[in-house]
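Note: hydrogens, waters and symmetry copies are ignored here, and every other heavy atom, side chains too, is used. All of these numbers come straight from a predicted model, not from anything done at the bench.
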Amino acid sequence: MWVADGWKDYEVIDTSNGEKLERWGKYILVRPDPQVIWDTPRQAPQWKNKNAHYHRSSKGGGQWEFFNLPEQWDVSYKDLKFHLKPFSFKHTGLFPEQAANWDWASEQIRNAGRPVKVLNLFAYTGGATAACAKAGAAVTHVDASKGMVAWAKENAAASGLADAPIRYLVDDCVKFVEREIRRGNVYDGIIMDPPSYGRGPKGEVWKIEDKVFPFISLCTKVLSDNPLFYLVNSYTTGLQPAVLAYMLGIAVKAKFGGTVRADELGLPVSSNGLVLPCGASGRVNFIG
C-alpha cells in the first residue's frame with residue numbers, strides 16, 4: 001500500500017461504524033467512509049468536540065451539521081497550500097491520500113534532468129497540478145467543471161504558483177485529448193483521476209467501466225517519444241489495483257515499455273496505527 005504519511009496539517013484520528021474522525025488543520029470533521037465497516041469504541045475525545053459532522057441519509061446523499069467551522073480555511077502539505085470548504089456531498093475539495101502520488105510524480109519530475117510537460121485530466125482542485133508545477137513541470141490542467149478549475153487556480157496561487165507554466169482548461173477530457181492528437185501536442189507525464197460517472201460541459205456521459213480502458217489507450221497517443229510516467233487513480237469499486245495494472249500493461253507498457261505497479265492508497269490512523277484504504281492507483285515508470 002502507498003501510504004500518505006507526510007502530512008502535518010491532516011490526520012485520521014480514529015475510525016468507527018462507517019465514519020472517520022479527521023483533523024484538517026485545527027478543525028475536526030466527522031465524515032462517512034464506506035471502508036469503515038467495523039464498530040469500535042469511540043474513545044478519542046474529538047468525537048465529542050468536532051467542528052462539523054456530515055450525516056449520511058438512508059435515502060442517499062446527506063447533509064452537514066456545523067458546530068464551529070468557517071466557510072473556508074487552508075491546510076498545507078510540505079510547500080503546497082490548499083483552500084478547503086465543505087461540499088454538499090461530504091467532500092472538502094482535497095483527497096489527502098493523493099499526497100502519496102504527488103510525492104511520486106514530483107520525484108520523477110525533479111530527477112528527469114530536462115523540461116517536463118504533464119497533462120492532468122479530471123484534475124479537480126489541482127493537488128497534482130500544484131505538486132507537479134512546484135517540482136518544475138509545465139502542466140496542462142483539464143476538468144469539465146468551471147468551478148473546480150477556478151478553485152485549482154486559487155490553490156496554485158496560494159502555493160506560490162500564480163505565475164507558473166500552468167494551462168487551465170474547462171473541457172471534456174476525451175474531446176480535449178482527441179484535439180491534442182490532431183494538433184500533434186505531446187506530454188512526458190499523464191495523470192488521470194476519472195470519476196465513476198459524470199457528464200462533460202455539453203452533457204457528454206462518462207461511465208468508467210465502459211470508458212476508462214479506451215481512454216487510457218487514447219492517451220498513449222499524446223505521450224512523448226521519451227515519456228516519464230503515467231498515473232491512473234480509481235475510487236470505483238471493482239477497479240482494483242490488479243485491474244489498473246492489467247489495463248496499463250496492455251495499453252501503455254506494451255507500446256512504451258517501462259515498469260507497471262498498482263496498489264491501494266492509504267492514510268495512517270493515529271489512534272491505533274492502522275492504515276485506512278482510500279482507493280487505488282496504477283503507475284507506469286518509464287525510467288529505470
Side-chain angles (χ1 to χ4, degrees), residues 1-56 61-104 106 124-131 134 148 151-152 154-156 158-160 193 233 235 264-281:
M1 182 180 287
W2 293 316
V3 181
D5 55 5
W7 282 97
K8 296 181 179 178
D9 271 5
Y10 174 85
E11 67 173 314
V12 179
I13 301 169
D14 198 8
T15 58
S16 178
N17 194 25
E19 294 183 315
K20 56 188 174 186
L21 176 68
E22 306 168 290
R23 178 180 61 82
W24 296 81
K26 63 179 181 179
Y27 299 106
I28 304 299
L29 274 58
V30 176
R31 297 190 298 155
D33 192 303
Q35 299 292 334
V36 183
I37 60 175
W38 49 88
D39 189 3
T40 53
R42 298 190 172 193
Q43 297 178 342
Q46 294 93 328
W47 284 110
K48 297 181 180 180
N49 298 311
K50 52 191 174 289
N51 297 98
H53 188 168
Y54 188 90
H55 297 278
R56 177 73 74 192
Q63 62 181 4
W64 284 99
E65 181 183 11
F66 296 112
F67 302 99
N68 182 20
L69 186 73
E71 291 185 4
Q72 180 174 300
W73 73 103
D74 293 343
V75 297
S76 295
Y77 180 74
K78 298 182 178 179
D79 52 359
L80 304 173
K81 182 179 285 187
F82 302 104
H83 298 323
L84 304 178
K85 55 187 175 184
F87 279 42
S88 59
F89 45 94
K90 90 172 182 177
H91 297 308
T92 63
L94 194 68
F95 290 86
E97 63 274 8
Q98 288 295 332
N101 282 328
W102 303 341
D103 289 345
W104 176 78
S106 296
Y124 196 52
T125 58
T129 292
K134 185 70 79 169
M148 293 299 104
W151 195 337
E154 294 177 6
N155 282 336
S159 297
D193 196 348
N233 292 304
Y235 289 95
E264 291 181 294
L265 296 175
L267 288 165
V269 181
S270 56
S271 65
N272 55 26
L274 300 178
V275 176
L276 179 65
C278 304
S281 293

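Shown here for E97 and A4, the closest heavy-atom pair between the two residues is O-CB, 3.6 Å. Nearest heavy-atom pair across E22 and I13 is C-CD1, 4.2 Å. Counting all heavy atoms, side chain and backbone alike, P34 lies closest to K90 at CD-NZ, 4.2 Å. In this structure, A52 and L69 approach most closely via the heavy-atom pair CB-CD2, 3.8 Å. Summarising the geometry of V75 relative to G25, their closest heavy-atom pair is CG1-N, 3.6 Å, with the distance given to 0.1 Å. Here the closest non-hydrogen pair linking V30 and L21 is CG2-CD1, 3.7 Å.
Of the listed residues (W151, Y54, W64), just one forms a ring pair (Phe, Tyr, Trp, His ring centres under 6.0 Å) with F87, and that residue is W151. Of the listed residues (D14, T40, T15), just one forms a side chain to side chain donor-acceptor pair (under 3.5 Å) with S271, and that residue is D14. Considering N51, N49, I28 as possible partners of N68, the one that fulfils the side chain to side chain contact (heavy atoms under 4.5 Å, CB included) test is N51. A side chain to side chain donor-acceptor pair (under 3.5 Å) with H55 is found for exactly one of E19, R31, E65, namely E65.
Atom CG of residue L94 and atom NE2 of residue H83 lie 12.0 Å apart, to the nearest 0.5 angstrom. Atom NE2 in H53 sits 12.0 Å away from atom CZ in F66 (nearest 0.5 Å). Here the straight-line distance linking atom CH2 of W7 with atom CZ of R23 works out to 10.5 Å at 0.5 Å rounding. If you take CZ on R56 and CG on D33, they are separated by 9.5 Å, rounding to the nearest 0.5 Å. Atoms SG and CD, from C278 and E264 in turn, are 9.0 Å apart once rounded to the nearest 0.5 Å. Rounding to the nearest 0.5 Å places CG of L80 at 11.5 Å from CG of D9.
Note: Y10 and W24 have perpendicular aromatic rings, judged against thresholds of 30 and 60 degrees for the angle between ring planes. Taking the six-membered ring for Trp and thresholds of 30 and 60 degrees, W73 and Y27 have ring planes more than 60 degrees apart, a perpendicular arrangement.
Contact check for P277 versus M1: side-chain heavy atoms found under the 4.5 Å cut-off. Looking at D39 and S16, their side chains come closer than 4.5 Å, going by heavy atoms from C-beta outward.
By the neighbour-count criterion of 12 heavy atoms within 6.0 Å, atom NZ of K81 is sparsely surrounded, having that number or fewer from other residues, nucleotides or ligands.
A cation-pi arrangement, defined by a distance under 6.0 Å to the six-membered ring centre and an angle within 45 degrees of its axis, is absent between K78 and W102.
Counted by atom type alone, N155 and Y124 present zero donor-acceptor pairs between their side chains at under 3.5 Å.
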